[in-house]
Amino acid sequence: MMASSYNAKDEDGHITVSGPGGGTLRSKKPENTAFKQQRLPAWQPILTAGTVLPAFFIIGLIFIPIGIGLYVTSNNIKEFEIDYTGVDMSSPCFNCSQNFSWNSTRPCTCTIPFYLDQPYENNVFMYYGLSNFYQNHRRYVKSRDDSQLNGDLESLMKPSKECEPYAYHENKPIAPCGAIANSMFNGEPVSCCAHQTHSSFHLYLICLFTSLADTLELFYNDPNGTKIQIPMTATGIAWWTDKHVKFRNPTDNANLTAVFQGTTKPVNWRRPVYELDTDPQNNGFINEDFIVWMRTAALPTFRKLYRIIPKKNSMVPTLLRGNYTLEVVYNYPVRSFEGRKRMILSTISWMGGKNPFLGIAYITVGSVCFFLGVVLLIIHHKYGNRNNSADIAN
Amino acid sequence: ACLGLADIKIWVLTGDKLETAMNIGYSCNMLRDDMNEVFVISGHTLLEVQQQLRSAKEHILGLSRVSSAGDVEKTDMFAEDSVFEETIIAEYALVINGHSLAHALEPQLEHTLLDLACLCKTVICCRVTPMQKAQVVELVKRHKRAVTLAIGDGANDVSMIKTAHIGVGISGQEGMQAALASDYSFAQFRYLQRLLLVHGRWSYFRMCNFLCYFFYKNFAFTLVHFWYGFFCGFSAQTVYDQWFITLFNIVYTSLPVLAMGLFDQDVNDQNSLRYPSLYKPGQQNLLFNKRQFFMCTLQGMGTSFLLFFIPYGAFSVTVKEDGSNFSDQQAFAVTIATSLVIVASVQIGLETHYWTAVNHLFIWGSLTVYFAILFAMQSNGMFGIFPSNFPFIGTARNCLSEKSVWLVILLTTVVCVVPGLAVSFLRVDLFPTLTDKVRHLQQTTKRQGPQEQNLRRVRRTSSRRSAYAFSHQQGYGELITSGKNMRTSTVSSARSPQRTPHSSNWIENMLKRKNEVSCISV
């Protein structure tokens, strides 16, 4: 005779409660599903010699050819670089770099001759390079207004606070605002006036970021003495998404002067933004030089595309072997912050420009992996096989 | 016995009489005939108890081959306890009754009691009041660097359950009080073995793996900014997109870790039960200690170094296929971010030992979600709605369509993962732990096909004890014989000697009477 309220417990711990009505069964046992009982079917890999060592060898065997291919391709790219900062006394631009004064209105030109010892085929790209120029400084990177550059009329008149102190000048909004725009490299030559009214940090920014405004032109010296200017295109140098989506003029490109009424140009610019180019497709905010400059570089030493020298036809190389002259309209020197300016001419391949790093890295990593595989194989052979399950203490 | 192999010490605290408790001990095989000595402490005064304790201790220590390093009475000897325990080859048991325990728990004697108890293989306390149960637990907690677990099924075990680090309640027979007060509750005592050896071990293993990976991933993610500081004038410019920083820990890498923390198993449950010494790494804190943490951190730092400098080397002079420049902040950011997510996913893939469908879903799903969100956030549409918040427009498309970028990502992934892989392989190959061996065994048996696994039943020959409990009171004899609170299948072992093939059954039957059997595991 059992008491009626006695909770019987059967063998596997299943507690059943029989209520007064009799028959209602409530089980507290957890469900016996695979998910809840942690019995899900699974793949259980373990690291054995049979899986790891072939992996190392395969990685080595894949990477070494890739590395060789990259290195060979990189070696076949032709590149030529001139530093025209004018540090040495013997450099043609030395006088320009020395004679700078803030208030000079007459631009300084210097001419640098050089010799190309190989002909350059296909499209040749001309880059300007800067060193020790921190386009990736945080204050600098934030100092822009993307709404304004996208053509938003409201932002045109009221630039965002991020652009301070380059947002307003003489009570007028600056278009385009910000320090990045203000320090554009490749505009027209300009005289820089130092605005010393701000704090020392801003002074540093201004001195660092004032316009450089160089212009570069290339001439070929014919064997019989004539100087031929090499034609260069200034379009097609920016990313398509930048030119067509990110940067837009406030209205259509026809009458930009009227649209930008009420704004003023950035302090260090000579011309306002709507006079950057005569081509209406390359004027205003969608000017490609401007777009290229606004895409801030990641590292303090960088190069940006300046012009493209289009190929003539498949017979004649674009740039023949021979003597060339580079004419620089030199403006504010970078010497005050130990910077350098360079001009680079380069051809292109499927992996981009000349960059031996990637090829060498792949070859190194591939060989290290292969060598490691060999070493591990030897070690495993001599000392391994300790995973014998017979010696598990039961 | 299984738990004993796992280095877990079991103490029994019961309210029974001495003789009953000893019988229970013999039937559970905790006390054995071949033990060197069973010390019974049953003094009535403090001095008697003290003398008995001391003599027992001297008996043990005098006979063992221990080069005593100092006075055994010193209280700072606790760290050397394990040394003493290991070198004592003989087996001793201690049985102490509640009255003596009350004296022994006094401040002067408690250290002696603890020393003696730890020198013995088995400790049985009988006639223990609930308060004393809690006191014994607390004694062990305070002075030994051990985790205590208390298991009981009655209301008088509640204080003990609450005092111990882990309290386990048996629900059912004597009501729900013990179960309600406990951290874990189940229905039968024998589930304790599974709780500890299977779930407890898995839980420790998962937690350590999870922690290690979490620190590694976050160090790899954050220290990239440290390296970048050298190149951006220390102006705290972030390498990544703002949205990537927000979503990295929430979306891109959270679910795979969660799946690993929930489902990972290094050894399956049958083998966990079969090889109880797999439990030892948990006790010795082997899987996550200062050294492991340091190694995780180092690995994270190394990964961040490679994650930054390989793209740095590649990007310093790189241009796109059409010549337009490419070494800008945003493309750099996207490259490093993509490499980071891929490296983190590959790393968690290598650390997961048990790939269920959920793991697959989470790992591949996270990668897919990353790319989906990347392209969505850098698309024209999002930029059109919020121009200032999504300045990375077009970057993903331009960047990830370049072959050189994918080559950089592949190189970075391989270089980050290969050293860790080589080191783990060497460790498993040259110095395999018990876990590795069991996993290897598991895999070979699975490959050989599912066979009949005959569990070797260890036939324990329990000594045939004729157990007669002599009571000086009338006791519950009438109640028992009337069968009112007894099921028909119960055999009361106090009446006749019984030989059971399976001792866990025996224990269950014992429980159905009014005894409480409480265990403390050390």
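Protein chains get the first letters and strands the later ones, always in sequence-line order, with residue 1 at the start of each.
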Around atom CD of A:Glu81, are there more than 12 heavy atoms from other residues, nucleotides or ligands closer than 6.0 Å? yes
Heavy atoms of B:Ser235 and A:His137 approach each other most closely as OG-CA, 3.4 Å
Would you indicate whether the side-chain heavy atoms of A:Val368 and B:Val418 approach each other to under 4.5 Å? no
Identify which part of B:Phe231 has an atom lying under 4.5 Å from any heavy atom of chain A, answering side chain, backbone, both or neither. both
So for A:Val245, is it side chain, backbone, both, or neither that comes closer than 4.5 Å to the heavy atoms of chain B? both
Heavy-atom pair count under 4.5 Å with chain A, highest-scoring of B:Arg397, B:Gln442, B:Arg439, B:His360: B:Arg439
Check whether any side-chain heavy atom of A:Gln44 sits under 4.5 Å from a side-chain heavy atom of B:His353, and report yes or no. no
Which portion of B:Leu262 sits near chain A, non-hydrogen atoms under 4.5 angstrom: backbone
Validation row: A:Arg295, B:Thr395 side chains within 4.5 angstrom (heavy atoms): yes
On a heavy-atom basis, the closest approach of A:Thr241 and B:Gly394 is OG1-CA, 3.8 Å
Select one option (side chain, backbone, both, neither) describing which atoms of A:Trp239 are under 4.5 Å from chain B's heavy atoms. side chain
Could you tell me which portion of A:Ile308 (side chain, backbone, both or neither) has an atom closer than 4.5 angstrom to a non-hydrogen atom of chain B? neither
Shortest non-hydrogen pair, A:Phe56 vs B:Ala422, comes out as CZ-CB, 3.9 Å
Between B:Lys403 and A:Trp350 the two heavy atoms that sit nearest each other are CD-CE3, 3.9 Å
How long is the gap from NE2 on A:His380 to CG on B:Leu430, to the nearest 0.5 Å? 9.5 Å
Given that the side chain runs from C-beta out, which part of A:Thr301 has a heavy atom under 4.5 Å from chain B: side chain, backbone, both or neither? backbone
Residue B:Leu411 versus chain A: region with a heavy atom under 4.5 Å: both
Check each atom of A:Ala55 against the heavy atoms of chain B and say whether the ones under 4.5 Å are side chain, backbone, both or neither. neither
Looking only at heavy atoms, what is the nearest atom pair of A:Asp146 and B:Pro391, with distance? OD2-CB, 3.4 Å
Atom group of A:Tyr362 that falls short of 4.5 Å from chain B, counting heavy atoms: both
Nearest heavy-atom neighbours spanning B:Ser424 and A:Leu47: CB-CD1, 3.7 Å
Any side-chain heavy-atom pair of A:Pro41 and B:Thr356 under 4.5 Å: no
Part of A:Lys354 lying under 4.5 Å from any heavy atom of chain B: backbone
Given side chains that start at C-beta, do those of A:Tyr383 and B:Asp429 come closer than 4.5 Å, heavy atoms only? no
When the 4.5 angstrom heavy-atom criterion is applied to B:Glu402 and chain A, the contacting part is neither
Would you confirm whether B:Tyr354, through its side chain, and A:Leu40, through its main-chain N or O, come within 3.5 Å as a donor-acceptor pair? yes
So do the side chains of B:Val408 and A:Phe357 get within less than 4.5 Å of each other, counting heavy atoms only? no
For each of B:Val414, B:Asn268, B:Val415, tally heavy-atom pairs with chain A at distances under 4.5 Å, and name the one with the top tally. B:Val414
Surrounding CZ of B:Phe375 (heavy atoms of other residues, nucleotides or ligands, distance under 6.0 Å), is the total greater than 12? yes
Sort out for me which of A:Tyr127, A:Phe125, A:Trp43 touches chain B most, counting heavy-atom pairs under 4.5 Å. A:Trp43
Which atoms of A:Asn150 are under 4.5 Å from chain B, going by heavy atoms: the side chain, the backbone, both sets, or neither? side chain
Does some side-chain heavy atom of B:Phe425 sit less than 4.5 Å from a side-chain heavy atom of A:Leu53? yes
With heavy-atom distances below 4.5 Å as the criterion, would you say the side chains of B:Asp328 and A:Phe302 are in contact? no
So, taking the atom named CD1 in A:Ile59 and the one named CG in B:Leu421, what distance separates them when rounded to the nearest 0.5 Å? 7.5 Å
Please classify the contact of B:Phe386 with chain A as side chain, backbone, both or neither, using a heavy-atom distance under 4.5 Å. neither
Report which part of A:Ser349 has an atom under 4.5 Å of a heavy atom belonging to chain B: side chain, backbone, both, or neither. backbone
Let me know if A:Ile344 has heavy atoms under 4.5 Å from chain B in its side chain, its backbone, both or neither. neither
Taken to the nearest 0.5 Å, the spacing of B:Phe390 CZ from A:Lys246 NZ works out to 13.0 Å
Under 4.5 Å, counting heavy-atom pairs only, tell me which of B:Ala314, B:Ala236, B:Gly384 racks up the most with chain A. B:Ala314
Could you tell me which portion of A:Ile237 (side chain, backbone, both or neither) has an atom closer than 4.5 angstrom to a non-hydrogen atom of chain B? backbone
Quick check: does any side chain N or O of A:Asn136 sit under 3.5 Å from a backbone N or O of B:Gln329, one acting as donor and the other as acceptor? no
